Asker: 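Got a structure here, written out as structure tokens. Questions coming.
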2 protein chains.
Amino acid sequence: MIPTIEYLNGVVRMIDQTRLPNETEFIDCTTPEEVGSAIKTMVIRGAPAIGVAAALGASLSADRIEADDFDSFFEQLATDCTALAKTRPTAVNLAWALERMKRVAQENKTLSISNLKVHLREEACRILAEDVAINKAMGNNGQTLLQNGQNVLTHCNAGALATAGYGTALGVIRAAVDNGKDISVFANETRPFLQGARLTAWELQEDNIPVTLITDNMCGHFMKEKRIDAVVVGADRIAGNGDVANKIGTYMVAVLAQKHNIPFYVAAPISTLDLSLSSGEQIPIEQRSAEEVITLGKIRIAPEGVRAEHPAFDVTPNDLVSAIITEKGVAKAPFTESLKRLAQS
Amino acid sequence: MIPTIEYLNGVVRMIDQTRLPNETEFIDCTTPEEVGSAIKTMVIRGAPAIGVAAALGASLSADRIEADDFDSFFEQLATDCTALAKTRPTAVNLAWALERMKRVAQENKTLSISNLKVHLREEACRILAEDVAINKAMGNNGQTLLQNGQNVLTHCNAGALATAGYGTALGVIRAAVDNGKDISVFANETRPFLQGARLTAWELQEDNIPVTLITDNMCGHFMKEKRIDAVVVGADRIAGNGDVANKIGTYMVAVLAQKHNIPFYVAAPISTLDLSLSSGEQIPIEQRSAEEVITLGKIRIAPEGVRAEHPAFDVTPNDLVSAIITEKGVAKAPFTESLKRLAQS
């Protein structure tokens with residue numbers, strides 16, 4: 001499988017996810033601004049993946065700083081980190097990765113600047129490498145929730161392309177398959193960006209996991225027809241009480257799952273938890289351009305001048321969530337206690 | 001406003017709805033086969049509109065029949081009607097209009113063949129003209145359910161373009177506006193055919209009724225944010241118990257509306273009722289080509305060879321329906337009684 005993101009001697013290389021699956025193009029970034037722009041335009045997307053990208057962006061920032069003392073070095077690093085953190089507001093992994101990079105800089109302030117740069121580069125590559133391991137652990141924990149022969153619905157892409165590899169929600173599905181279970185996937189196409197149609201369907205096809213593509217508005221019908229046994233999605237930020245911010249449409253899927261008594265699972269690393277927030281209502285929801293709703297590729301699909309809205313995420317309240325799957329274990333309600341326990345373990 | 005469908009001296013002219021709003025092109029049909037093909041390919045769509053198209057198609061059939069006696073004439077007419085009825089299975093208006101044309105032929109079997117052809121042409125034009133009047137009466141009945149200042153969600157296009165004019169669901173909204181109420185509309189884009197983005201947004205813009213286009217998966221979010229006060233949709237077939245077949249995704253909207261205590265109204269003419277069915281489970285659901293999910297216009301939006309499903313309609317159970325608005329009045333639960341009463345009135 002093509003890596004989502006990699007570090008190659010001064011270059012952060014990403015597969016351009018806006019052009020998949022029709023074109024396989026790579027974007028090479030050598031500055032934090034280029035990384036920031038790739039995050040903003042969704043060349044790379046998915047909460048864990050943009051965390052990794054931001055960490056590598058911070059390392060590119062460190063590499064270019066010409067400073068003799070730590071304070072001046074750190075000031076410039078922090079400025080670039082602040083700019084990177086602003087590229088997308090909802091996923092907390094971005095802020096988490098940048099905070100970690102700054103903390104590591106502070107903890108190693110006695111090193112020479114050139115050694116510090118090496119140290120930060122290694123830390124960013126460690127964040128990348130850890131992400132795959134975290135996803136595999138998460139998959140292992142989550143796959144116990146899926147039974148042989150089940151049809152699993154997913155929304156958006158919480159796969160290898162949303163992470164450094166293996167995936168969160170798709171990691172759970174991959175782990176179930178790796179454990180010999182026969183799993184079929186329904187993929188919501190996930191308008192407006194079509195991450196489900198373009199990325200999830202492509203990833204699963206590559207892995208020979210049976211996948212059926214449907215439009216988002218069909219999933220209620222297939223639940224009613226008893227053709228969906230479980231839902232697994234990723235997350236961009238999870239509040240302390242278990243409220244989950246994820247790709248727009250996730251809330252709709254969760255309401256429909258509850259109506260049909262279908263378990264609704266969220267798979268996300270501990271870095272997606274934001275225990276500083278007591279409720280999902282405090283999570284900032286990114287509003288993206290209406291143009292992204294009105295056009296598809298280069299085709300305009302609505303009359304000229306039409307008003308549109310584009311909240312990129314929504315919040316699913318904890319009472320619709322059956323379990324939250326992390327690399328440290330599976331949390332169930334009441335989430336305020338179970339998530340805190342996992343985070344501290 | 002451009003007419004959806006009209007009869008012009010031997011020609012049935014339709015605006016090509018597959019090309020709106022970017023292009024305004026017309027299709028001229030002179031045979032029942034051409035009308036059937038226009039219905040099948042969704043040049044014309046919407047339950048009432050395809051009923052009108054089928055009636056005009058039956059008149060084109062009558063016009064070309066070279067027969068000396070009624071029995072031979074009727075046999076050929078019935079054969080063409082059977083072919084027209086098969087073009088789309090879910091909307092009952094198609095069958096209703098064709099049955100009416102055949103009944104009128106039978107009732108006038110003593111006329112000369114040439115007079116009978118004139119009679120059938122007049123009947124088809126009457127079905128067209130009646131449809132607009134029915135929609136205005138329906139609008140008038142339904143608009144009492146909407147309050148000044150409300151935001152109304154609609155799914156698909158149940159507007160002028162889905163009928164001979166004025167619309168069913170959009171007729172209710174138009175009538176509310178005509179009665180001085182300030183109504184804003186949220187239009188679900190309605191994948192895969194994008195009737196909401198292409199047709200509903202266009203119609204409402206032309207009428208200066210404020211409209212906001214959203215992707216289908218956003219409507220739950222906007223309901224949760226208390227930005228939607230009511231839902232009005234059309235129908236393709238309504239069973240005797242009030243179960244409603246309508247465009248795929250309607251069921252999802254209805255479940256979300258119930259979750260948020262938002263009234264869910266269905267606007268449809270009496271000809272959409274199928275009292276021969278005791279439950280919506282008996283309504284045939286058209287399965288359309290997976291290609292229509294995988295491609296948008298000429299763009300492929302998913303990997304090559306991906307499996308997709310495309311049920312074109314779903315069924316909303318009567319317990320999710322707040323009221324059914326018809327030209328003869330508004331039916332509420334229990335629908336088995338109220339619908340029968342309206343149909344017989």
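A quick note: this is a predicted structure, and the numbers were derived from the prediction, not measured. Letters go in sequence order (proteins before strands), and every chain restarts at 1.
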Asker: Out of curiosity, Ile301(A) CD1 to Leu213(B) CG, how far, rounded to the nearest 0.5 Å?
Answerer: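 Output value for this atom pair is 6.5 Å.
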Asker: Considering only heavy atoms, give the residues of residues 219-235 of chain A separated from chain B by less than 4.5 Å, sorted numerically, with 'none' for an empty result.
Answerer: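 Interface residues of residues 219-235 of chain A: Gly220(A), His221(A), Phe222(A), Lys224(A), Arg227(A).
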Asker: In terms of heavy-atom contacts, does CD of Gln287(B) have more than 12 from other residues, nucleotides or ligands at under 6.0 Å?
Answerer: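 More than 12 heavy atoms, drawn from other residues, nucleotides or ligands, come within 6.0 Å of this atom.
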Asker: Heavy-atom pairs under 4.5 Å with chain A - which of Pro210(B), Ala290(B), Ala187(B), Gly249(B) has more of them than the others?
Answerer: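 Ranked by contacts with chain A, first place is Gly249(B).
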Asker: Please identify each residue that fulfils side chain to side chain donor-acceptor pair (under 3.5 Å) with Thr215(B), with sequence neighbours left out.
Answerer: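 If we apply the side chain to side chain donor-acceptor pair (under 3.5 Å) test to Thr215(B), skipping adjacent residues, the hits are Asn217(B).
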Asker: Give, as side chain, backbone, both or neither, the part of Val315(B) having an atom under 4.5 angstrom from any heavy atom of chain A.
Answerer: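 Contact with chain A: backbone and side chain both.
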Asker: What residue, out of Val253(A), Thr316(A), Thr250(A), Val211(A), has the most heavy-atom pairs lying under 4.5 Å from chain B?
Answerer: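 Of Val253(A), Thr316(A), Thr250(A), Val211(A), Val211(A) has the most heavy-atom pairs under 4.5 Å with chain B.
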Asker: Should we count NZ of Lys259(B) as having more than 12 external heavy atoms under 6.0 Å?
Answerer: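 Count over threshold, so yes.
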Asker: Looking only at heavy atoms, which of residues 196-206 of chain A get nearer than 4.5 Å to chain B?
Answerer: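 Expected list: Ala197(A), Arg198(A), Ala201(A), Trp202(A), Gln205(A).
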Asker: Rounded to the nearest 0.5 Å, what separates atom CZ in Arg191(B) from atom CD1 in Ile214(A)?
Answerer: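 Here the interatomic distance stands at 12.0 Å.
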Asker: Report, in residue-number order, which members of residues 148-158 of chain A are under 4.5 Å from chain B by heavy-atom distance.
Answerer: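 So far as heavy atoms go, His155(A) are the residues that approach chain B to under 4.5 Å.
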Asker: Within this structure, what is the CD-OG1 distance for the pair Glu309(A) and Thr212(B), rounded to the nearest 0.5 Å?
Answerer: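 Here the rounded value is 5.5 Å.
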Asker: Which distance, rounded to the nearest 0.5 Å, do you find between the CG of Leu256(A) and the CG of Leu256(B)?
Answerer: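 Reported to 0.5 Å precision, the distance equals 5.5 Å.
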Asker: Determine whether more than 12 heavy atoms belonging to other residues, nucleotides or ligands lie under 6.0 Å from atom CD of Glu23(A).
Answerer: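 Enclosed: over 12 neighbouring heavy atoms sit under 6.0 Å from CD of Glu23(A).
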Asker: Which heavy atom of Leu296(A) sits nearest a heavy atom of Ile299(B), and at what distance?
Answerer: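 Answer, listing the atom of Leu296(A) first, then Ile299(B): O-CD1, 4.0 Å.
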Asker: Take Val293(B) and Met218(A), measure what side-chain contact (heavy atoms from CB on, under 4.5 Å) needs, and give me the verdict at the end.
Answerer: CA-CA 11 Å; Val293(B) 169; Met218(A) 289 176 190; 4.0 Å; yes
Asker: Identify which part of Pro303(B) has an atom lying under 4.5 Å from any heavy atom of chain A, answering side chain, backbone, both or neither.
Answerer: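 For Pro303(B), heavy atoms of backbone and side chain both lie under 4.5 Å from chain A.
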